[in-house]
There are 2 protein chains.
Amino acid sequence: MLIEERLEKEMKIIEENKTVTIESLAEFLSVSKDTIRRDLIKLEKKNVIRRIHGGAVLASKEALIFNYSERANQGNSIKEKIAEKTAKLVKDHSSVIFDSSTTVEAVIPKLNGKNLKGITNSLTHAILLAKNERTSVSVFPGKLNNEQLFLYGAETVDKIRQYHVDYTLLGVFAISENGLFIHTEEEGLVKRAMVQRGNKIIALADHTKIGTTGYFKVCSLDEIDILVTDKMPELKFVELLAQNNVDLVITDE
Amino acid sequence: MLIEERLEKEMKIIEENKTVTIESLAEFLSVSKDTIRRDLIKLEKKNVIRRIHGGAVLASKEALIFNYSERANQGNSIKEKIAEKTAKLVKDHSSVIFDSSTTVEAVIPKLNGKNLKGITNSLTHAILLAKNERTSVSVFPGKLNNEQLFLYGAETVDKIRQYHVDYTLLGVFAISENGLFIHTEEEGLVKRAMVQRGNKIIALADHTKIGTTGYFKVCSLDEIDILVTDKMPELKFVELLAQNNVDLVITDE
DNA sequence: CGAAAAATTGCATTTTATTGCAATGTTGAT
DNA sequence: ATCAACATTGCAATAAAATGCAATTTTTCG
């Protein structure tokens, strides 16, 4: 049986019964409990179930909140690797602004266990942050983008200006010698304000985004402190980063 | 049996009887009193019960609804009926403040199709509102309650004061001749500000909440305009509402 | 096609969680 | 104040979860 097929069967059973034991699933599907456990971990990562001692329950409310079609293809290893490295850069007991990108979102679960003050304009990020009980979360005000669930507008920008934090985590749409770019002004103005209010600016961008430009300029290269990416960029760009005092963190060794 | 299942059963029993002894729970569920004690500690941490010598009592009706019975009697509950009636009171093309109660949450899907400006301090409400494409949503800033995902604090209250809307939808914990009450100051201060900034205040309360009082006073009766509930209250209370110019809307006919 | 890389799976081992019991400390009704 | 009932704490037995490992299967390339 294909794994996907098995996961679907498991999901179906949990949906029908609201709860399930690992024992019963293992027996019903004729695989070991270990396999069931690993399956349930996968389902939990998609926020469709909640694991509990001895089994799992349906995560009805979570399911409502998170949009799975987008989130289903997790394990996007580039993003996960970047997230992993980034999480290590964030010291315990610090304050962090999280911008509303999906790369930044991937960082949040990796920060689990740290004592943080998290501030964000993304509703989904806020909910993920709230799962770490050691994190105190604040949310900026603003108009809500109904699709992507981030807050924006003058209110958001004004509020950001009242904060000052240790780190700003910035998801990047395009980065080049001309600076960092994003495709909408809406988000751009917010990101720009976030850059100005962070002590250490950490930009996250996979290699496909390096050397490209976009519509709205968020900031110039010298305004960021660290760039986390998956592959070593061209020498020319590496030198450019050095000239602008940007530390480069590469996930591939 | 899974622990979660046992906790649900315990909760159900407490819900029905308002109070319970450790002895009876231990016997009924065939586990030791020690286990019951530990379970009750868990439930107490979730703020749904209060432990007392020899047993436990229900913490508050509102807290109860937040967590457990919500899942159990989904469907045609009292809450749904109240939500249905409430939605009809909200005119198209109006602005609405939604407070963070689950009763108010139930109203949101029923507003689908209307052109609204929605403003809320609840992340889950905001996400539900965003599903209606004709609704523009704003979110108040503030500190996030990690359990129940609502925003609160001075920032929230300050921001509310900058708005003025056609309707405020208010979930109520207790209502009586003394006014409207909620069990935490955290939420109370926010609700109080919301009442002051709405043109028409619609309070939502099932019959069990009428004639009771709580810890923190949100406002007095004359500050609300409409009360939506499921059963006709005592004549005395109906008269009281009339004296305070509160319209009464009943779901049961 | 076919070899190398990656993923999957079950098993053994270590770590953590749950539970009941006993010893000791507290509470509260009379 | 007293004493029985209750609560708390530490402990040991058991069950489940996490981790590491090796065998097997599947996927990915040239």
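Proteins get letters first, then strands, A, B, ... in listed order; numbering begins at 1 in each. Remember, it's a predicted structure, so these values are computed and weren't measured experimentally.
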Subject >> Distance in angstrom units between A:L2 CG and D:dT26 P, rounded >> reply: 9 Å
Original post:
Can you pull the contact range of chain A along DNA chain C, 5' to 3', using atoms under 4.0 angstrom from its heavy atoms?
Top reply: C:dT8 to C:dT18
Original post:
Partners of B:E155 by salt bridge (Lys or Arg N to Asp or Glu O under 4.0 Å), sequence neighbours excluded?
Top reply: A:K159
**OP:** Return the value, rounded to whole Å, for the distance between atom CD1 of B:I36 and atom P of D:dT8.
**Re:** 15 Å
Original post:
How would you list, by chain and number, every residue that makes a side-chain hydrogen bond (donor to acceptor under 3.5 Å, both in side chains) with B:S176, sequence neighbours excluded?
Top reply: none
**OP:** Dump the intermediate steps for side-chain hydrogen bond (donor to acceptor under 3.5 Å, both in side chains) on A:T120 and A:S122, then the final yes or no.
**Re:** CA-CA 5 Å; A:T120 183; A:S122 155; 4.6 Å; no
Using a 3.5 Å cut-off and no angle test, enumerate the donor-acceptor pairs between side-chain atoms of residues 1-9 of chain A and protein atoms at least two apart in sequence or in another chain.
unit_1, atom_1, unit_2, atom_2, d
A:R6, NE, A:D39, OD2, 2.6
A:R6, NH2, A:D39, OD1, 3.0
A:R6, NH2, A:D39, OD2, 3.0

**OP:** Let me know the distance between CD of B:E23 and P of D:dA7, rounded to the nearest Å.
**Re:** 11 Å
**OP:** Using the test side-chain hydrogen bond (donor to acceptor under 3.5 Å, both in side chains), find all partners of A:D166 that sit at least two apart in sequence or belong to another chain.
**Re:** A:S95
Original post:
Which residues satisfy the side-chain contact (heavy atoms from CB on, under 4.5 Å) test with A:A203, sequence neighbours excluded?
Top reply: A:V172, A:L180, A:I224, A:L227
Under-3.5 Å N/O pairs linking protein and nucleotides 17-24 of chain D:
unit_1, atom_1, unit_2, atom_2, d
D:dA17, OP1, A:G54, N, 2.7
D:dA17, OP2, A:R37, NE, 2.5
D:dA17, OP2, A:R37, NH2, 2.5
D:dA17, O5', A:R37, NE, 3.4
D:dA18, OP1, A:R51, NH2, 3.3
D:dA18, OP2, A:R51, NH1, 2.9

Original post:
Could you spell out the base pairing of DNA chain C in dot-bracket, with Watson-Crick or G-U pairs whose two distances are under 3.5 Å, [ ] crossing and | to another strand?
Top reply: ||||||||||||||||||||||||||||||
**OP:** Would you please name every residue forming a side-chain contact (heavy atoms from CB on, under 4.5 Å) with A:D92, sequence neighbours left out?
**Re:** A:K114, A:N115
Original post:
What residues, two or more places apart in sequence or in another chain, satisfy side-chain contact (heavy atoms from CB on, under 4.5 Å) together with A:F173?
Top reply: A:I182, A:H183
Original post:
With sequence neighbours left out, what residues match A:H207 under side-chain hydrogen bond (donor to acceptor under 3.5 Å, both in side chains)?
Top reply: A:D230
Subject >> By salt bridge (Lys or Arg N to Asp or Glu O under 4.0 Å) - contacts of A:K110 (at least two apart) >> reply: A:E80, A:E84
